[in-house]
Amino acid sequence: MADFTSDGFCLNDNKAGLSQMEGHSKEDIAKILTKNSEGSKFYQNKKQRHQATEQRIAQKKKILEEASPADYNDALRKTDKMLSNLEASRDLSHTIVHVDMDMFYAAVEMRDAPHLKDKPVAVGGNSMLSTSNYVARKFGVRAAQPGFLAKKLCPNLIIVPCNFPKYRAVAAIVRGVFAEYDPNYASASLDEAYLDITEHLKVRADRTEEERTLWRCDCEYWRSLDADWKPSATQETEPTSSENNQETCPECGRVAESIVTGTDAEGAVLELRTKVFRRTALTCSAGIAPNSKLAKICTDRNKPNGQYQLPPNKEAVLEFVKDLPVRKIPGIGATTEETLRALGVQTCSDIHKHRASLALVFSDLSTEYFMRVSLGIGCTTISNDEERKSISNERYALLPSPITV
DNA sequence: GCGGATCAC
DNA sequence: TATGGTGATCCGC
Ligand SMILES: Nc1ccn([C@H]2C[C@H](O)[C@@H](COP(=O)(O)OP(=O)(O)OP(=O)(O)O)O2)c(=O)n1
Ligand SMILES: [Mg+2]
């Protein structure tokens, strides 16, 4: 237990094995946040909205209680029809990649002010933070948190103001790399994008090992090929693979480390991430999967500075979603998570178990969305429709025809 | 159509 | 002391 004294919190609580440099335990974070925000207008408002959702949950439960066995039967038949149609449409032939920069704004600021590297850093202002670095996250400092509260969690926090023109410039360089693998890549925001690298992999299959080699040698020839490579920055954090070799640079004859990237998706994405790093000195993470929904989830598996591939077969996909908490699915937020939990659904396989209930209390569109989730089915084509500049609500985005009533 | 709810960055 | 700005969709009227 933290020792709450005069100033309201204690930063030297070691009982959970955490020193000040290592951050806070979850319990201490919750305690500090509650203590500093309960009673505020913001908190009252949030509580009121929460009570309204509890009302809606109660309504849904009432519908279930009053439904007849025949209603359940109809609902079951409806969902099973959906499931069989969806299963018939399962497409595992595309290789979809989701790339997400690591702590993007904060990483840019740390790159340009290296003394910040080992310190807790957040980007934003006193009233709102956009993101934080991993040191600060150990203290519970997160995006969408007001700076003054973050300071309570982490008094040594360094808050640097947003510099959007700079982030846009960095994003433009990163997008240049994406375009090399999929000219039709779709940006979801400044720091993330979806790529369909199916075509690239076909071309890549015929590339020689030499063409798939990334050199670390700092000679003129290789620098001319990769003009923005910053050799000083490549020492510690460059993406690694088991295929690293010490070799002699064929141009200047000096010993150089080379990375031979494979012809497969893992190889292509390692190469992509290495290029991003060499051109920006920033790391990113990636997920590889047969559809965009799964790819996005995969990105988080080995974040930061990592990648994860979900193999393109039905068994692997079903195993992947089996015990996945529904909150991990893009489109299912805090409210839907709570609603589903009240209906007995916590993981994706729970969706299948309770599919009749879900069909009784949700719209057809939402029900079908949940069925897709339970099968691990998602969008397999990437379109950068200029109409839709960003993908903001995964639940309904990327559907065949947006409904305009 | 419009306002409210939800979700995401 | 104090809790962002923006874009998108669906739902229920
Ligand atoms: N509520 C939020 C969440 C994020 N962002 C901004 C700041 C982030 O730097 C950027 C990217 O969002 P991410 O969710 O990808 O978060 P990060 O890139 O900062 O961290 P990471 O991806 O390593 O978790 O979007 C924001 O303005 N408001
Ligand atoms: Mg990111």
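The figures that follow rest on heavy atoms only: side chains count, while hydrogens, waters and symmetry mates do not.
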To the side chain of [X], which of [options] is closest?
| X | options | result |
| --- | --- | --- |
| A/D191 | C/dC10, B/dC9, C/dG4 | B/dC9 |
| A/A144 | C/dC11, C/dT3, C/dG4 | C/dG4 |
| A/S189 | C/dG4, B/dC9, C/dT3 | B/dC9 |
| A/S366 | C/dC11, C/dT3, B/dA8 | C/dC11 |
| A/E192 | C/dT3, C/dC11, B/dC9 | B/dC9 |
| A/L365 | C/dT3, C/dC11, B/dA8 | C/dC11 |
| A/M128 | C/dA2, C/dT3, B/dC9 | C/dT3 |

In whole Å, I'd like the distance from the [atom1] atom of [X] to the [atom2] atom of [N].
| X | N | atom1 | atom2 | result |
| --- | --- | --- | --- | --- |
| A/M101 | B/dC9 | CE | P | 15 Å |
| A/L149 | C/dT3 | CG | P | 10 Å |
| A/K151 | C/dT3 | NZ | C1' | 17 Å |
| A/R142 | B/dA8 | CZ | C1' | 16 Å |
| A/K152 | C/dT3 | NZ | P | 14 Å |
| A/K35 | C/dT3 | NZ | P | 19 Å |
| A/E38 | C/dT3 | CD | P | 17 Å |
| A/Q145 | C/dA2 | CD | C1' | 13 Å |

Open item on the list: It should be established whether A/K293 places a side-chain nitrogen or oxygen under 4.0 Å from OP1 or OP2 of nucleotide B/dA8.
Closed with: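 Negative; the distance criterion is not met.
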Give me each pair satisfying ring-ring contact (aromatic ring centres under 6.0 Å, His included) with a member in [range], each pair once, sequence neighbours excluded.
| range | answer |
| --- | --- |
| residues 25-84 of chain A | none |
| residues 333-370 of chain A | A/F362-A/F370 |
| residues 78-112 of chain A | A/H98-A/Y194, A/Y105-A/F164, A/Y105-A/Y167 |

TODO: Can you sort out which residues in residues 42-62 of chain A have a heavy atom within less than 4.0 Å of DNA chain B? Ascending by number, please.
DONE: A/T53, A/R56
TODO: Could you check which residues of residues 334-347 of chain A get a heavy atom under 4.0 Å from DNA chain B? Sort them by number, please.
DONE: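 DNA chain B contact set from residues 334-347 of chain A: A/A334, A/T335, A/T336.
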Task: Span that lies between the C1' atom of C/dG4 and that of B/dC7, in whole angstrom - done: 16 Å
Open item on the list: Filter on side chain to side chain donor-acceptor pair (under 3.5 Å), then keep only pairs touching residues 311-332 of chain A, sequence neighbours left out; what's left?
Closed with: none
Task: Pairs involving residues 76-92 of chain A, ordered by first then second residue, that meet side chain to side chain donor-acceptor pair (under 3.5 Å) (sequence neighbours left out) - done: A/K78-A/D364, A/D80-A/R355, A/E87-A/R90, A/D91-A/S93
- [ ] Output yes when a side-chain donor or acceptor of A/R137 lies under 3.5 Å from a complementary backbone atom of A/R142, and no otherwise.
- [x]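 A pair under 3.5 Å: no.
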TODO: Could you tell me whether A/L129 contacts a base, only the sugar-phosphate backbone, or nothing, with contacts defined as non-hydrogen atoms closer than 4.0 Å?
DONE: nothing
Open item on the list: So A/S40, base contact, sugar-phosphate only, or nothing? Heavy-atom distance under 4.0 Å.
Closed with: base
In residues 175-185 of chain A, what donor-acceptor pairs under 3.5 Å come from side-chain atoms, sequence neighbours left out?
{"unit_1": "A/R175", "atom_1": "NE", "unit_2": "A/S187", "atom_2": "OG", "d": "3.3"}
{"unit_1": "A/R175", "atom_1": "NH2", "unit_2": "A/S189", "atom_2": "O", "d": "3.0"}
{"unit_1": "A/E180", "atom_1": "OE1", "unit_2": "A/K275", "atom_2": "NZ", "d": "2.8"}
{"unit_1": "A/E180", "atom_1": "OE2", "unit_2": "A/R279", "atom_2": "NH1", "d": "2.9"}
{"unit_1": "A/E180", "atom_1": "OE2", "unit_2": "A/R279", "atom_2": "NH2", "d": "2.9"}
{"unit_1": "A/Y181", "atom_1": "OH", "unit_2": "A/E271", "atom_2": "OE1", "d": "2.5"}
{"unit_1": "A/D182", "atom_1": "OD1", "unit_2": "A/N184", "atom_2": "N", "d": "2.8"}
{"unit_1": "A/D182", "atom_1": "OD2", "unit_2": "A/D196", "atom_2": "N", "d": "2.8"}

TODO: Say whether A/S285 and A/D100, considering side chains only, have a donor N or O and an acceptor N or O under 3.5 Å apart.
DONE: no
Task: side chain to side chain contact (heavy atoms under 4.5 Å, CB included) involving A/E266 - partner list, sequence neighbours excluded - done: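 Partners of A/E266 by the side chain to side chain contact (heavy atoms under 4.5 Å, CB included) criterion, ordered by chain and then number, come out as A/D264, A/I288, A/Q307, A/Q309.
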Open item on the list: Any salt bridge linking A/K202 with A/E199? Criterion: basic side-chain nitrogen under 4.0 Å from a carboxylate oxygen.
Closed with: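 The answer is yes: the pair qualifies as a salt bridge.
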